[in-house]
Amino acid sequence: QAQLVESGGGLVQPGGSLRLSCAASGIRFSINAMGWYRQTPGKQSELVATITRGGTTNFADSVKGRFTISRDAAKNTVFLQMNSLKPEDTAVYYCNVVDGLGRTFWGQGTQVTVSS
């Protein structure tokens, strides 16, 4: 059974940094893409960043220049390095994986709070 385990969330002051990790296991078919979405109460889920099997990355305009995404393909792990964090980055961040059949898997979410 597929499982995505996220870690790295927490409380940070504005301008600080956090690094999220997501390790995927139990996915039978090759992974086409991994990424991160975030959601705040009352708002729709927002794409934050994605990275394809080929290494192509995509970022939300709101995080460009501040966030980077990377992966360890051998370990089916994706990382989100978040720098220069702002209060508006506060959200629950969800890991997302798309396999070779186009199926989507989600992590349980990790809270990121940016506050002084």
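Note that this is a predicted model, so its numbers are computed, not measured.
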A.B. asks: State whether the side chain of Arg71 and the backbone N or O of Thr52 hold a donor-acceptor pair below 3.5 Å, judged by distance alone.
C.D. replies: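 Yes; at least one donor-acceptor contact below 3.5 Å.
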A.B. asks: Kindly give the heavy-atom pair with the smallest separation between Ala49 and Leu80, and that separation in Å.
C.D. replies: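 Shortest heavy-atom separation between Ala49 and Leu80 comes out as CB-CD1, 4.1 Å.
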A.B. asks: Should we count CD of Glu88 as having more than 12 external heavy atoms under 6.0 Å?
C.D. replies: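 Atom CD in Glu88 is packed in, count exceeds 12.
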A.B. asks: Keeping to residues at least two apart or across chains, list the salt bridge (Lys or Arg N to Asp or Glu O under 4.0 Å) pairs with something in residues 43-57.
C.D. replies: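 Applying salt bridge (Lys or Arg N to Asp or Glu O under 4.0 Å) to every pair that reaches into residues 43-57, excluding sequence neighbours, yields Arg38-Glu46.
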A.B. asks: Do Val92 and Val48 belong to the same hydrophobic cluster, where Ile, Leu, Val, Met, Phe, Trp and Tyr are linked whenever their side-chain heavy atoms lie under 4.5 Å apart, directly or via other members?
C.D. replies: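 Each belongs to a different hydrophobic cluster.
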A.B. asks: If you group Ile, Leu, Val, Met, Phe, Trp and Tyr by side-chain heavy-atom gaps below 4.5 Å, do Phe105 and Leu20 land in one group?
C.D. replies: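 Yes, Phe105 connects to Leu20 through the hydrophobic network.
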A.B. asks: Could you please spell out the steps behind the salt bridge (Lys or Arg N to Asp or Glu O under 4.0 Å) verdict for Asp89 and Lys86?
C.D. replies: CA-CA 5 Å; Asp89 294 318; Lys86 304 175 181 180; over 6 Å; no
A.B. asks: Can you name the nearest heavy-atom pair linking Ala24 to Ile31, along with the distance?
C.D. replies: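 Result for this residue pair: CB-CD1, 4.3 Å.
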A.B. asks: Under 4.5 Å between any side-chain heavy atoms of Thr68 and Phe79, yes or no?
C.D. replies: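 Side chain of Thr68 against side chain of Phe79, heavy atoms only: no contact under 4.5 Å found.
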A.B. asks: Tell me whether Leu85 is reachable from Tyr94 by hopping between hydrophobic residues (I, L, V, M, F, W, Y) whose side-chain heavy atoms are closer than 4.5 Å.
C.D. replies: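 Different clusters.
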A.B. asks: To check you understand the geometry: which heavy-atom pair defines the closest contact between Pro14 and Ser115, and what is its length?
C.D. replies: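 That would be CD-C, 3.6 Å.
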A.B. asks: According to a hydrophobic-cluster definition based on side-chain heavy atoms being under 4.5 Å apart (Ile, Leu, Val, Met, Phe, Trp, Tyr only), do Tyr93 and Tyr37 belong together?
C.D. replies: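 No, it is not one cluster - the side chains of Tyr93 and Tyr37 are not joined through contacts under 4.5 Å.
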A.B. asks: Could you check whether any side-chain N or O of Thr90 sits under 3.5 Å from a backbone N or O of Val114, counting only pairs where one atom can act as donor and the other as acceptor?
C.D. replies: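 Between the backbone of Val114 and the side chain of Thr90 there is a qualifying donor-acceptor contact (under 3.5 Å).
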A.B. asks: Check the hydrophobic clustering (I, L, V, M, F, W, Y; side-chain heavy atoms under 4.5 Å; chains of links allowed) and say if Val5 and Trp106 are grouped together.
C.D. replies: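 Hydrophobic grouping puts Val5 apart from Trp106.
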